[in-house]
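Have a look at the structure below before the remarks.
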Amino acid sequence: MPPLLDATTSGHFQLEALKGRTAFFESSNTETWGFNQPFLGPTLRVATGQSTKADVRNSLDEPITVHWHGLLVPGDVDGGPHQRIAPGGVWSPELPISQPAATVWYHSHAHGATARQVQMGLAGVMQVADGQDDARGLPSNYGIDDLTLVLQDRRFTRRGTIDLSLSMPDRMMGFLGDTILVNGQIGTTAVVPKGLVRLRLLNGSNARIYDLALSDGRPMHLVATDGGYLDRPIELSALRIAPGERYEILVDFSNGSGVELTSGQNPNMMMGGMMGGGNSRGGRFSVLPFTPDSSIPAQIKNLPTDLGGSRPTGDANQASVRRLSLDMPMGMGMMRGGSGRQFSISGSSFAMDRINFGVTQGDVERWTVSANMMMHPFHIHGVTFQILSENGRAPQLQNTGWKDTVLVNGSVDLLARFDQPAPADAPYMYHCHILEHEDGGMMGQFTVG
Ligand code: C2O
Ligand code: CU
Ligand code: CU
């Protein structure tokens, strides 16, 4: 597990972006970046209903930003591309956190450099906690029965360095690695109690989509989506998780037998980037094996029935409609390899000095988002939203909770209420969370005032 940095009592935490070295394999000594440690960052736990002060120091030699993905905070402390932290600089935002308990995350968002900085390690998980998990009957022992799992893929050069080069398909489809990392580690195993275990899953990959399942077909009980808890658990046999998304599931290990969390191949790209050599198991590969250990006390044996959360049921009739299309480069731009700013949203490629639109604080809008040529995980800053429909049909079960990122496979209608302010010098972003697309211009910005 990443170390837990609990800021619920102090209301204060410090992060330092720094360079380090990581031994991913025996004899490797790879340059990596992290927060407070060589690679990735600690799990930050913050309390909802109180203001938390962050101090973020940049000890790297290039500018970064630190965005709190999933925190509902005003634009001027959101950590988007406009809140640059210069090398040697410190950024000290005050975060007025007031939202349902949820698993969110933080990562760099420096425009044009996000994909590379996240690959190097500038990402971590954040828990918004309300102290009620024991009352809910949910596993809550960090690293014991409450596991934080950051799923990422990487490639390594023959010298063992993180391979940041982009092939032609990577430029178009987003980076796909050939090695899976869970919490920054290759080939690790989770040892768990013989009871119910909670997995807080984050897809922190640049572009890979995981089609998760358990190798013996046992169910996954979905308890929370991006924006927090559901009303009650939903039983699933498969879970698709796209870049930027978080899902929390409960898995029952009480029968004592081990199981593997596995994934199918990236559904966005059937032609390359195969994991595990496209082996006999229908192309499925192992993400993480679990080994139950009866010497670890099992705290939670029964599936909770009432999680105290909610599934959104907004009224879309009064909402104004906005249409957005996630556009891939076409024609000559595509032939030249997709370099430069050729990805766009509704024909407009991201520009730091162009605000795409403004919404009125308190307004409810219905956004119809359509994807071109492939699936795109679409994310909006500063809100959680309801999925009204996917391709005109009721949302799939895993999308019935509160979301801030949704995989658009065709078209998605969502409903959002813009409660947080974002002025013109600190606007909110909306973008594809395939980081190569985001850096390439598939992003826009809006104000809330
Ligand atoms: Cu996770 Cu705008 O990002
Ligand atoms: Cu975000
Ligand atoms: Cu995209």
Side-chain angles (χ1 to χ4, degrees), residues 41 64-75 77-83 95 99 102-115 117-118 122-126 128 150 152 169-176 202-209 226-227 241-246 266-269 324-329 338 341-346 349-350 352 369-385 403-410 412 416 420 422 426-446:
I64 63 166
T65 81
V66 177
H67 167 55
W68 323 106
H69 177 141
L71 275 195
L72 305 178
V73 292
V77 291
D78 183 53
H82 296 274
Q83 280 125 45
L95 305 170
Q99 65 186 84
T103 300
V104 303
W105 65 304
Y106 58 99
H107 60 79
S108 67
H109 213 308
H111 185 56
T114 300
Q117 293 187 349
V118 170
L122 296 189
V125 171
M126 181 185 244
V128 176
V150 182
Q152 296 178 312
D170 287 341
R171 284 174 197 280
M172 290 304 297
M173 319 289 287
F175 172 90
L176 287 182
L202 160 67
N203 184 344
S205 308
N206 283 26
R208 180 176 291 279
I209 298 164
D226 301 334
I241 183 168
E245 289 185 307
R246 289 87 61 214
N266 182 31
N268 248 343
M269 188 176 181
L324 299 170
S325 67
L326 307 173
D327 299 329
M328 298 285 282
R341 315 229 171 278
Q342 300 165 55
F343 294 87
S344 58
I345 296 183
S346 300
S349 202
F350 182 79
M352 282 294 276
V369 186
S370 56
N372 275 326
M373 290 167 68
M374 55 182 285
M375 300 179 231
H376 302 272
F378 181 72
H379 170 51
I380 314 176
H381 289 211
V383 290
T384 53
F385 50 74
K403 299 283 293 162
D404 58 47
T405 307
V406 61
L407 185 63
V408 182
N409 181 9
V412 163
Q420 299 286 327
Y428 284 136
M429 304 293 131
Y430 56 97
H431 59 89
C432 175
H433 221 289
I434 291 178
L435 300 182
E436 290 73 22
H437 292 180
E438 174 188 333
D439 279 340
M442 199 182 283
M443 178 157 75
Q445 46 190 347
F446 66 102

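Residues: numbered from 1 along the sequence shown. Order of appearance sets the numbers: ligands from 1, and atoms from 1 within every ligand.
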Worksheet item: Has H437 got an N, O or S atom lying less than 2.8 Å from the Cu ion (ligand 3)?
Response: yes
Worksheet item: Can you name the N, O or S atom of H376 that is closest to the Cu ion (ligand 3)?
Response: ND1
Worksheet item: Any side-chain heavy-atom pair from P243 and N206 closer than 4.5 angstrom?
Response: no
Practice prompt. Please tell me if the side chains of V104 and V128 come closer than 4.5 Å, counting only heavy atoms from C-beta onward.
Written response: yes
Item to complete: Flag the pair V383 / Q420 as yes when at least one side-chain heavy-atom distance between them is below 4.5 Å, and no otherwise.
Response: no
Fill in: Donor on one side chain, acceptor on other, H82 and Q445, under 3.5 Å
yes
Discussion item. Is the ring pair H67/H379 parallel, tilted or perpendicular, if the boundaries are 30 and 60 degrees?
Written reply: tilted
Worksheet item: Name the one of Q83, Q117, E438 that satisfies side chain to side chain donor-acceptor pair (under 3.5 Å) with H109?
Response: E438
Practice prompt. Describe, in one word, how the ring planes of Y428 and F446 are oriented to each other, choosing from parallel (under 30°), tilted (30 to 60°) and perpendicular (over 60°).
Written response: tilted
Discussion item. Taking 2.8 Å as the distance threshold, tell me the number of protein N/O/S atoms next to atom 2 (Cu) of ligand 1.
Written reply: 3
Worksheet item: Between H431 and H437, is the gap from one ring center to the other below 6.0 Å?
Response: no
Worksheet item: What class does the angle between the rings of H69 and H433 fall in, given that below 30° is parallel, 30 to 60° is tilted and above 60° is perpendicular?
Response: tilted
Discussion item. Quick check for you: within a radius under 2.8 Å, how many protein N, O or S atoms neighbour the Cu ion (ligand 2)?
Written reply: 2
Fill in: Student check: side-chain heavy atoms of Q99 and T384 closer than 4.5 Å
no
